[in-house]
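Down below is the structure, laid out as structure tokens.
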Amino acid sequence: MAAPSYVPASAKAPSIYRSPPRRDDPWTADRPGEVVGGEHPAGPGLGCQGPDQGYALKLAQRFAGKLVLAAGEREDDALAGCGAVALRRASLFGRAPVVHDLRLSLELFGYLIDADAALVTWRRAHFAGAAGHHGYHVKLRLAGLVPEETLRLTPTAAAEASARNWRIPLGL
């Protein structure tokens with residue numbers, strides 16, 4: 001933008017852009033937290049990495065108030081635990097989470113229907129504390145519980161398999 005005529009010339013910004021000096025040495029990943037080699041670290045307690053995983057929190061908000069919960073169950077625990085399963089499913093496909101990932105996990109654990117009493121008892125014990133400050137290991141255990149072949153199903157197929165016998169798709 002041009003400066004008004006009453007502004008002294010010495011206060012004006014230079015009229016051309018100059019790029020910083022060229023660096024001949026290449027960039028290297030030498031910071032302590034840098035992922036080297038293109039592969040994310042894997043192992044016990046490291047979870048399943050993937051792009052834009054925070055979007056699962058936004059997706060979980062869509063299901064708030066729509067879950068079928070029994071006495072002693074908390075919606076935030078259910079959404080946190082199912083969100084972890086959804087993130088594992090998304091990472092299997094190498095992409096960010098989508099609503100179908102979360103729907104599949106909610107269908108598997110019977111949170112969108114009136115679930116079997118045995119399933120409610122099981123999930124009450126396994127989802128407790130998933131949303132709390134110390135819920136990381138609860139979510140990690142839930143995400144690792146579901147077999148990979150179940151995570152590769154469509155949400156509809158997962159719901160049908162869970163309706164027949166809820167233990168089989170969960171690998172129990």
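For reference, positions follow the sequence shown, starting with 1. The analysis underlying the following values was restricted to heavy atoms, covering all of them including side chains, and did not include hydrogens, waters or symmetry mates. These numbers come from a predicted model, not from an experiment.
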Could you state the interatomic distance from [atom1] ([X]) to [atom2] ([Y]), rounded to the nearest 0.5 Å?
| X | Y | atom1 | atom2 | answer |
| --- | --- | --- | --- | --- |
| Leu142 | His137 | CG | NE2 | 13.0 Å |
| Leu59 | Asp101 | CG | CG | 8.0 Å |
| Cys82 | Leu67 | SG | CG | 7.5 Å |
| His100 | Thr154 | NE2 | OG1 | 10.0 Å |
| Leu106 | Ser162 | CG | OG | 11.5 Å |
| Leu119 | Asp114 | CG | CG | 11.5 Å |

I need the minimum non-hydrogen distance between [X] and [Y], along with the two atoms involved.
| X | Y | value |
| --- | --- | --- |
| Leu145 | Leu172 | CD1-CD2, 3.9 Å |
| Ala70 | Arg123 | N-NH2, 4.4 Å |
| Ala130 | Gly81 | CB-N, 4.0 Å |
| Ala115 | Gly110 | CB-O, 3.6 Å |
| Ala159 | Glu107 | CB-OE1, 3.3 Å |
| Ala56 | Leu87 | CB-CD2, 3.7 Å |

Would you say [X] and [Y] are hydrophobically clustered, going by side-chain heavy atoms of ILVMFWY under 4.5 Å?
| X | Y | result |
| --- | --- | --- |
| Leu112 | Leu69 | yes |
| Val85 | Trp122 | yes |
| Leu92 | Leu102 | yes |
| Leu79 | Val68 | no |

Do [X] side-chain atoms and [Y] backbone N/O form a donor-acceptor pair below 3.5 Å?
| X | Y | value |
| --- | --- | --- |
| Glu75 | Ala64 | no |
| Arg103 | Pro155 | no |
| Arg88 | Leu151 | no |

So, do [X] and [Y] sit near enough that their side-chain heavy atoms are less than 4.5 Å apart?
| X | Y | value |
| --- | --- | --- |
| Arg95 | Arg89 | yes |
| Thr150 | Leu170 | no |
| Asp77 | Glu73 | no |

Counting only heavy atoms not in His126, do more than 12 fall under 6.0 Å of its NE2?
yes
Assess whether atom CZ of Arg152 is packed by more than 12 heavy atoms of other residues, nucleotides or ligands within 6.0 Å.
yes
Centroid-to-centroid, Phe63 to Tyr111, below 6.0 Å?
no
Taking the inter-plane angle between the rings of Phe127 and Phe109 on a 0 to 90° scale, is it parallel (under 30°), tilted (30 to 60°) or perpendicular (over 60°)?
perpendicular
Any salt bridge between Lys58 and Asp52, counting N to O under 4.0 Å?
no
